[in-house]
Amino acid sequence: ESLAQESTESLEAYDYEKRGWWYKHQLTREDNEQARRMFERAIELDPQLASAYAGLGFTYYEAWSQQWSQDPESLDRAYEMAQKAIALDDSNAGAHVLLGWVYLWNKQHDLAIAQHELALALSPNEADHYGDLAQVLIFAGRPAEAVDLVEKAMQLRPRYPVQYPFTLGFAYLLL
């Protein structure tokens, strides 16, 4: 049922949006730029595709957080894209994650936590949402709560990425 909610009549828009996410997850500057082009094309084809706006927002966020872009507006663009995605589909967990990261960088810890908790409630089997919330809690000065969340992420995704043990170790260090 949740898969049917995020649909588009345009198979081409769907294809561009999915390819955008693939490029986004490669975590290089060049792939991030390619992801941006994919998401922009998906939006051209279907301006109501919320996940494409969330993806586009993540490209701005990554460019800013990785310092690939010197444009101070990048974080603002990420915020705008998250808001647009949420306006189109409030159940889009990725848009809430993006908004949470923007809030975290703006040192709005309570708002960041709330957005990540909402993403987790919307998609409780997504391991990365647990890991993301754990990272936010660490920055908010709540490392004890982060430990259980990272361990849950590791259970859900046994072939976990390197940031899970890094987050767990950082939480223990702060404790």
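The structure places CG of Leu149 at 7.5 Å from CG of Leu120, a figure rounded to the nearest 0.5 Å. Atom CD in Glu30 sits 8.0 Å away from atom CH2 in Trp68 (nearest 0.5 Å). Between the CD1 atom in Ile113 and the CG atom in Leu137 there is a gap of 5.0 Å [rounded to 0.5 Å]. We find the NZ-OH distance between Lys24 and Tyr61 to be 9.0 Å, quoted to the nearest 0.5 Å. For the atom pair Asp89 CG and His96 NE2, the distance stands at 8.0 Å (nearest 0.5 Å). In this structure, Glu62 CD and Ser69 OG are separated by 12.5 Å, a value rounded to the nearest 0.5 Å.
Of all heavy-atom pairs spanning Ala119 and Ala93, the tightest one is CB-O, 3.5 Å. Ala52 and Ala42 make their closest contact through CB-CB, 4.0 Å (heavy atoms, listed as atom of the first residue, atom of the second, distance). The heavy-atom pair separating Gly94 from Phe58 by the smallest distance is O-CE1, 3.4 Å. Nearest heavy-atom pair across Ala13 and Thr8 is CB-OG1, 4.2 Å. Between Leu156 and Ala127 the shortest heavy-atom distance is CB-CB, 3.8 Å. Taking each heavy atom of Thr59 and Leu56 in turn, the nearest pair found is OG1-O, 2.6 Å.
Phe166 and Phe170 have parallel rings, their planes meeting at less than 30° on a 0 to 90° scale where 60° marks the start of perpendicular.
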### Message
For Asp46 and Ser10: C-alpha separation, side-chain torsions, deciding distance, then whether side-chain hydrogen bond (donor to acceptor under 3.5 Å, both in side chains) applies.
### Response
CA-CA 7 Å; Asp46 185 351; Ser10 170; over 6 Å; no
### Task
Could you walk me through whether Asn32 and Gln26 pass the side chain to side chain contact (heavy atoms under 4.5 Å, CB included) test, one step at a time?
CA-CA 8 Å; Asn32 193 61; Gln26 301 313 301; over 6 Å; no
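Follow the hydrophobic side-chain contacts under 4.5 Å out from Val102 and you reach Leu104 in the same cluster. The hydrophobic cluster containing Leu88 does not contain Leu118, counting ILVMFWY residues as joined when their side-chain heavy atoms lie under 4.5 angstrom apart, directly or transitively. Placement of Leu173 and Ile138 within a single hydrophobic cluster is found when ILVMFWY residues are connected by side-chain heavy-atom separations under 4.5 Å, directly or transitively. When hydrophobic clusters are built by joining Ile, Leu, Val, Met, Phe, Trp and Tyr residues whose side-chain heavy atoms come closer than 4.5 Å, directly or via intermediates, Leu122 is not grouped with Leu133. Follow the hydrophobic side-chain contacts under 4.5 Å out from Tyr79 and you reach Ile86 in the same cluster.
The ring of Phe39 has its center closer than 6.0 angstrom to the ring center of Trp21.
Formation of a donor-acceptor pair under 3.5 Å by the His129 side chain with backbone atoms of Glu117 is not found in this model. Not a single donor-acceptor pair under 3.5 Å links the side chain of Asp15 to the backbone N or O of Leu11. In this structure, Asn92 contributes its side chain and Ala85 its backbone to no donor-acceptor pair below 3.5 Å. A donor-acceptor pair under 3.5 Å is formed between the side chain of Tyr53 and the backbone N or O of Pro47. Here the side chain of Tyr103 pairs no donor or acceptor atom with the backbone of Ala114 at under 3.5 angstrom.
A 4.5 Å side-chain heavy-atom check between Ile43 and Tyr16 finds every atom pair outside the cut-off.
Among the candidates Leu98, Val97, Leu99, the single residue satisfying the side chain to side chain contact (heavy atoms under 4.5 Å, CB included) test with Gln115 is Leu99.
By the 6.0 Å and 45° rule, Arg157 does not stack over the aromatic ring of Tyr160.
Summarising the local packing, CH2 of Trp105 is surrounded by 12 or fewer heavy atoms from other residues, nucleotides or ligands at distances under 6.0 Å.
The pair Glu33-Arg36 does not meet the salt-bridge criterion, since no charged nitrogen lies less than 4.0 angstrom from a carboxylate oxygen. Note on Arg37 versus Glu40: no salt bridge recorded, every NZ/NE/NH1/NH2 to OD/OE distance being 4.0 Å or above.
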